[in-house]
Amino acid sequence: MNTVCDAVMPPAAPPLLDALDSRIIDNLQGGFPLTSHPYRQVAAGLGLSEQALLTRLQQLLAQRVLTRFGPMYQIERMGGAFVLAALAVPEDGFERVNALVNALPAVAHNYRREHVFNMWFVLATATPDGIGAAIRDIETATGLPVYAFPKLREYYVGMRFAVGGQAPVGALPDAGAALQPVSLDECDRQLIRLTQGGLPLLSQPYRQLGSQLGCSANEVCARLAAMLHSGVIRRIGAVPNHYAIGYAANGMAVFDVDDARIDALGEQIGALPFVSHCYRRQRHLPLWRYSLFAMCHGRDRDEVLQQVATIRQLLGSACQQHEVLFSTRMLKKSGMRI
């Protein structure tokens, strides 16, 4: 099985990727086949042997160029919840708080950012009630208030990156204002538990999963296909560590946008080629006035600032203020867990 990446940001000189590594990463970020020998099928399209592809994927995961390889689940479609949250952590206690926060299984991603709110993490829980419980656990453990920023509307989620710091490529479906849960049986949930950390890097991964579930490989493929169709799975493929493939700068741009105009503008901002995520989120007045969040990625900070300037110009008079919170360290990236 794939390993989980609970790691700091890669060093300034990430692993050198050759042309073949780049082709693998660029081509395997979605559309992974649901066939008896999927790696063999993909390898043939790349002019490789199956074993050569598996070896490369193992190396990219070991080097943390990829954070995982497998299904990317949409927890809200499963009846769960997914919330962005932040802490304002005193510098002298940052590492202690980081360890406490990362120890919680509900914490899927965690980044250090340049702001008074210097720790930003995503909570993913199997039920909506789990978010409140996770927040209380963090507040009790750290002694700090957690500021939650639930999603009010999703305008765009891309999450596919071309190697070399080029613009994000491809898009995932717009989830709109709300997602309705999909009915899943216990076998579906067992399959999710087995694959949320990644697919087996074996010649016949679905056969291996079927043997663990007590069903055939064909049934595993059918269940995964049904979850793709319903949106429980966003995509199946590689999840790159964007820092390691050329995106040295990562900025969470936040904007105070007129509520009457934010939805129309949010759709426009989400359509920009350099925006990988775009959401409307809850404000926390008076401490936090921002409602529109857009993730921007570039080869350096100046490129990200140019991207943000483009967004600011598009927003025009509808935006009163904005900030860019650059990330300086990846504290945890494991994906959601149930």
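The chain is numbered in sequence order, starting from 1.
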Checklist entry - Hey, are Thr195 and Tyr73 close enough side-chain-wise for a donor-acceptor pair under 3.5 Å? => result yes
Item to check | Pairs flagged by side-chain hydrogen bond (donor to acceptor under 3.5 Å, both in side chains) wherever residues 78-95 is involved - sequence neighbours left out | outcome: Glu91-Arg112, Glu91-Asn118, Glu95-Arg329
Item to check | Between Tyr155 and Gln268: side-chain donor-acceptor atoms closer than 3.5 Å | outcome: no
Checklist entry - Any side-chain donor paired with an acceptor under 3.5 Å for Glu114 and Thr328? => result no
Next on the checklist: If we check salt bridge (Lys or Arg N to Asp or Glu O under 4.0 Å) with Arg280, which of these qualifies: Asp258, Asp256, Asp259?
Outcome noted: Asp259
Checklist entry - Quick check: does any side chain N or O of Gln29 sit under 3.5 Å from a backbone N or O of Ile25, one acting as donor and the other as acceptor? => result yes
Next on the checklist: Minimum heavy-atom separation for Leu123 and Ile131, please, with both atom names.
Outcome noted: O-CD1, 3.7 Å
Item to check | Sole candidate of Gln282, Arg281, Gln321, Gln320 that passes side-chain hydrogen bond (donor to acceptor under 3.5 Å, both in side chains) when paired with Tyr290 | outcome: Gln321
Checklist outcome for this item: Nearest heavy-atom contact between His37 and Ser203 is CD2-OG, 3.3 Å
Checklist entry - Does His284 have its ring centroid less than 6.0 Å away from the ring centroid of Phe149? => result yes
Checklist entry - Can any side-chain N or O of Lys332 pair as donor or acceptor with the backbone N or O of Val107 at less than 3.5 Å? => result yes
Checklist entry - Hey, does Val42 have a side-chain heavy atom less than 4.5 Å from the side chain of Leu46? => result yes
Checklist entry - Which residue pairs pass the ring pair (Phe, Tyr, Trp, His ring centres under 6.0 Å) test with at least one member in residues 191-238, sequence neighbours excluded? => result none
Next on the checklist: Donor-acceptor check, side chain of Gln313 to backbone of Ala309, threshold 3.5 angstrom: yes or no?
Outcome noted: no
Checklist entry - So, Arg153 side chain and Tyr279 main chain: donor-acceptor pair closer than 3.5 Å or not? => result no
Next on the checklist: With side-chain contact (heavy atoms from CB on, under 4.5 Å) as the criterion, how do Val157 and Arg234 come out once you've worked through the C-alpha distance, each side chain's angles and the decisive distance to 0.1 Å?
Outcome noted: CA-CA 10 Å; Val157 180; Arg234 288 187 180 269; 3.9 Å; yes
Next on the checklist: If the threshold is 4.0 Å, N to carboxylate O, is there a salt bridge linking Arg136 and Glu139?
Outcome noted: no
Checklist entry - Are any side-chain N or O atoms of Arg189 and backbone N or O atoms of Met78, one a donor and one an acceptor, separated by less than 3.5 Å? => result yes
Next on the checklist: Between Glu219 and Arg207, does any side-chain N to carboxylate O distance fall below 4.0 Å?
Outcome noted: no
Next on the checklist: A side-chain contact here means heavy atoms from C-beta on lying under 4.5 Å apart; do Met227 and Leu184 qualify?
Outcome noted: yes
Item to check | Side-chain ion pair, Arg289 and Glu323, N-O less than 4.0 Å | outcome: no
Checklist entry - Going through the distances and angles, do Asp21 and Gln63 end up as a side-chain contact (heavy atoms from CB on, under 4.5 Å)? => result CA-CA 12 Å; Asp21 288 329; Gln63 294 170 339; 5.6 Å; no
Next on the checklist: Using the ring pair (Phe, Tyr, Trp, His ring centres under 6.0 Å) definition, which of the options Phe326, Tyr147, Trp120, Trp288 pairs with His115?
Outcome noted: Trp288
Item to check | Side-chain touch Ile311/Val275, heavy atoms, less than 4.5 angstrom | outcome: yes
Next on the checklist: The test is side-chain contact (heavy atoms from CB on, under 4.5 Å); show your working for Lys151 and Leu84 and say whether it passes.
Outcome noted: CA-CA 8 Å; Lys151 177 180 68 177; Leu84 178 68; over 6 Å; no
Checklist entry - Side chain of Ser230, backbone of Val182: donor and acceptor closer than 3.5 Å? => result no
Checklist entry - Centres of the His322 and Phe255 rings: under 6.0 Å? => result yes
Item to check | N/O donor-acceptor pair under 3.5 Å between Arg312 side chain and Gly316 backbone | outcome: yes
Checklist entry - So, does Gln307 use its side chain to make a donor-acceptor pair with the main chain of His297 at under 3.5 Å? => result yes
Checklist entry - Met330, Leu100: one ILVMFWY side-chain cluster at the under-4.5 Å cut-off? => result no
Item to check | Glu186 with Arg193: basic N within carboxylate O range, under 4.0 Å | outcome: yes
Checklist entry - Is there a donor-acceptor pair under 3.5 Å between the side chain of Ser211 and the backbone N or O of Gln208? => result yes
Next on the checklist: Using every non-hydrogen atom in the two residues, find where Leu325 and Phe117 come nearest and quote the distance to one decimal.
Outcome noted: CD2-O, 4.4 Å
Checklist entry - What do the steps show when you test Val83 against Phe121 for side-chain contact (heavy atoms from CB on, under 4.5 Å), and what is the final call? => result CA-CA 8 Å; Val83 171; Phe121 49 92; over 6 Å; no
Checklist entry - Does the side chain of Leu314 reach to within under 4.5 Å of the side chain of Leu272, using non-hydrogen atoms? => result yes
Next on the checklist: Test your reading of the model: is there a side-chain donor-acceptor pair from Glu154 to the backbone of Tyr156, 3.5 Å cut-off?
Outcome noted: no
Checklist entry - Judged by modelled atom types alone, do Thr55 and Gln51 share a side-chain donor-acceptor pair under 3.5 Å? => result yes
